[in-house]
Amino acid sequence: MSPPLMGVEGGGQGNVSLMASSASMDSISQKGLGLKERNYLGLSDCSSVDSSTVSSLSEENKINLNLKATELRLGLPGSQSPERDPEPNLLSSGKLDEKLLFPLIPSKDGICSSVQKAVVSGNKRGYSDTIGGLPEMKGSMFSEGNWMFNAAVTDSETQKSAGQAKFSGNAGMNVMLPSGLSGTQPTTVKDGPTKASQERAHATNGTSHNHNKVNGSNNNTSPPAAKAQVVGWPPIRAYRKNTLATSSKNNDEVDGKPGPGALFVKVSMDGAPYLRKVDLRSYSTYQELSSALEKMFSCFTLGQCESQGAPGREMLSESKLRDLLHGSEYVLTYEDKDGDWMLVGDVPWE
Amino acid sequence: YLSNTSTLSTKMAKSFPEEVLEHVFSFITSDSDRNAVSLVCKSWYEIERWCRKRVFVGNCYAVSPRILTRRFPEVRSVEIKGKPHFADFNLVPEGWGGCVYPWISAMAGAYPWLEEIRLKRMVVSDEALELISTSFCNFKVLVLSSCEGFSTDGLASIAANCRELRVLDLRESEVDDLSGHWLSHFPDTWTSLVSLNIACLGSEVSFSALERLVARSPNLRTLRLNRAVSLEKLHNLLCRAPQLVEFGTGAYSSELRPDVFSNLAGAFSGCKQLKGLSGFWDVVPAYLPAIYLTCSGLTSLNLSYATIQSPDLVKLVSQCHNLQRLWVLDYIEDIGLDALAASCKHLQELRVFPSDPYVVDPNVSLTERGLVAVSEGCPKLQSVLYFCRQMSNAALVAIARNRPNLVCFRLCIIEPRAPDYLTLEPLDAGFGAIVEHCKELRRLSLSGLLTDRVFEYIGTRGRKLEMLSIAFAGESDLGLHHVLSGCESLRKLEIRDCPFGDKALLANAAKLETMRSLWMSSCSVSFGACKLLGQKLPRLNVEVIDERGSPDSRPESCPVEKLYIYRTVAGPRVDMPPFVWTIDEDAALRV
């Protein structure tokens, strides 16, 4: 028992009588799109479902559907490829054809009343009513009597192509590109994840890690895993976004639990006036960790070898500094869960 | 015929005293029934309007405060909604509108006996709150849902002046949290508080003030704390309020200490009437067993801030056999949803939120399978909100066939325009099955790769559909045309980033007067079309929201950024910010 998805079910005629009265609607249901139903059987069957029915589906598609119509094509939103008919099999009666939006015959003067009627009846109107009731859209020029739409076709096409160009512009405006740490993203200022990633990144100051991450992506692979963020998508309330962002940060800081977010640990250096926190997840080897920590604490050692640390001299002394740290008195240790101080590097990184 | 009915109504008026009719009408509470009553004849209209006690204004700009107070002089309860739904996702610019002050001001004069105000997505100032607190001596209920614009000072006036206050519910509002002392403004005597929800407040409220307030509020049934209230202190509150029915914790974390745990567990077990739990920020799983004893009585559980993993969630949820509503993060994973489907046979509403929505690769193993499992196992499931990263037509068809009783189905596949991951086809067939099988469907949100075809299915099958949300879908105006020419019950339509332009909108212009509102952003509707709609349909407000400057400075064919069209009897707005334009009848652009 696998009735087709749309159109005729078992006892399909009964369905048709419930449908809207216009003839074009009936023709759609009677046509029967004949999409093959697939029983959803769970994970193990997915691949067999995939392989066995895809080919039959595409055949059926060819028979009953206009494959072209559902074919994915790249194009600007709002663009219509020239050879693509607007759903011919659905519109076999011709009534719902896009052409109908632009009737070639001038509408009668009874149009005015049909508009009134359409407005008063409120509910579902016959399609032809609404078509007739539409003045041509030619900017500010419109003549009451001549409510022909076809003259507007050329206008609308040009409008549409102009719209296309503008639309992509719009899309461009809405798409937020990853702008790194310092970039401000005005429309996403309220977004918790953005802030969180910026804060995290500040905490992992001086790492060799890829900085071009936006919005809480914590993957360590070099191409940034976060995509350009679109405003308001996915549709999550600002309140929830902010709460989750601070929630995952807090979780990790409080108990160092491996969560989906960063794994922060405190690092202290003997003699330093304050401690730092590093995100262990942003490194993949001990070497990375140790060089990052070097950089992080270099400001303290610098103070030791240069009396006043004039900014211009910093570059020169960096190599000196590295030699100092490498041959240095400083080793990395950590306190494990038993409370013992251990040397960093014995256990494999994972 | 007309003269017959008028004599009939006159006869009726003489034989049926108004007081009797009024008494009969008092049993009619639904708004639509009341509206129907008022249309029967003039005298019924008059009687009805004098005795209507509760009014719902779905769009604050559809009607004016003056029209409201003039028609209904004896209102005791008002509910008003402001900004369009997409404002929740930052699509409505700051300052758009929805200010409640004019309403409060008008009602302060007209309704001295007003008892209840419920607002959603409105801008509420401290002045408005203060005016509420001083104008209505019998004021009992204040619900501010997703509102903003006020601070804790405003709350202090409410606490101090509303002596009959029963409900103060700030659900998810944005409050300027100046200090926690506002709570101390509640009178020192017994209070009549039944429900207090301060979960959205950021800063710490004085705990001792809270404790004393709870102790002197014997009618308290709902208490939702904010995150700042620590776990160790919860038992103090619960012990003072064992009659609680709904409780929201604060941050659910603490160092593991046996005394804290046993206090907490004891306090929870003392609350024999507990039906709903929420809060659970920063959960430490070891403390979850403290609520196990309450699980069998729970009907509502909101774990949507609980960042705990699937095994802990499963342990909890599988004890909640009477659960009707579950909000949870996608940490529950497919495996957890299987357990849910096996244990919670009374489940009616499920919402699964994404834990890390901005990462491309899935961070958890939550797929379409979880939702299918719940649709199979939970026969009463009627409302779904589900965020996931993959979906297939087969799964949607299965869900539709399993659950024809769905009333609300909102699916968000995180990647825009994601196809059926098995076949790479659009998801038209799947969503088509949803509208076909779920004949009572009232609310639908679409996502994934969708062509115009899905809109044909929706237009023809979605007969009871009242609210439809569309994003990154469709191929041409035909899609929008299908929806606007079908969907007999459509009230709210919100669209973003779809290739819909002028044609369908203009061809179905009259439909817009049968709906509450239409929102379109990042589509291809030209300014020229907006002007035309505004001129031709004076009972619509056509608002163009465009932060690029006046639409007059661009060609008329240029698409507008955002468009908000709604029916109104109040005429054009008078409080528009500089980036909102409306078109009045002489085609003049009004700012």
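Letters A, B, ... are given to chains in the order of the sequence lines, protein chains preceding strands, and every chain is numbered from 1.
- Using modelled atom types and a 3.5 Å distance limit, the side chains of B:Ser485 and B:Asn508 yield no donor-acceptor pair.
- When heavy atoms are compared at a cutoff of 4.5 Å, B:Cys487 does not approach chain A at all.
- For B:Gly432 against B:Tyr457, the heavy-atom pair with the smallest separation is CA-CD1, 3.4 Å.
- Taking the six-membered ring for Trp and thresholds of 30 and 60 degrees, B:His85 and B:Phe89 have ring planes more than 60 degrees apart, a perpendicular arrangement.
- Residue B:Pro93: no heavy atom, backbone or side chain, is found under 4.5 Å from chain A.
- Residue contact with chain A, scored on non-hydrogen atoms closer than 4.5 Å, involves the side chain of B:Phe353 exclusively.
- Counting only heavy atoms from C-beta outward, the side chains of B:Phe387 and B:Asp330 never approach each other to under 4.5 Å.
- Heavy atoms of B:Leu329 lying under 4.5 Å from chain A belong exclusively to its side chain.
- Within the 6.0 Å centre-distance limit, the rings of B:Phe500 and B:Phe455 are counted as a close aromatic pair.
- Counting heavy-atom pairs under 4.5 Å between each of B:Cys412, B:Gly474, B:Gly459, B:Ser445 and chain A puts B:Cys412 at the top.
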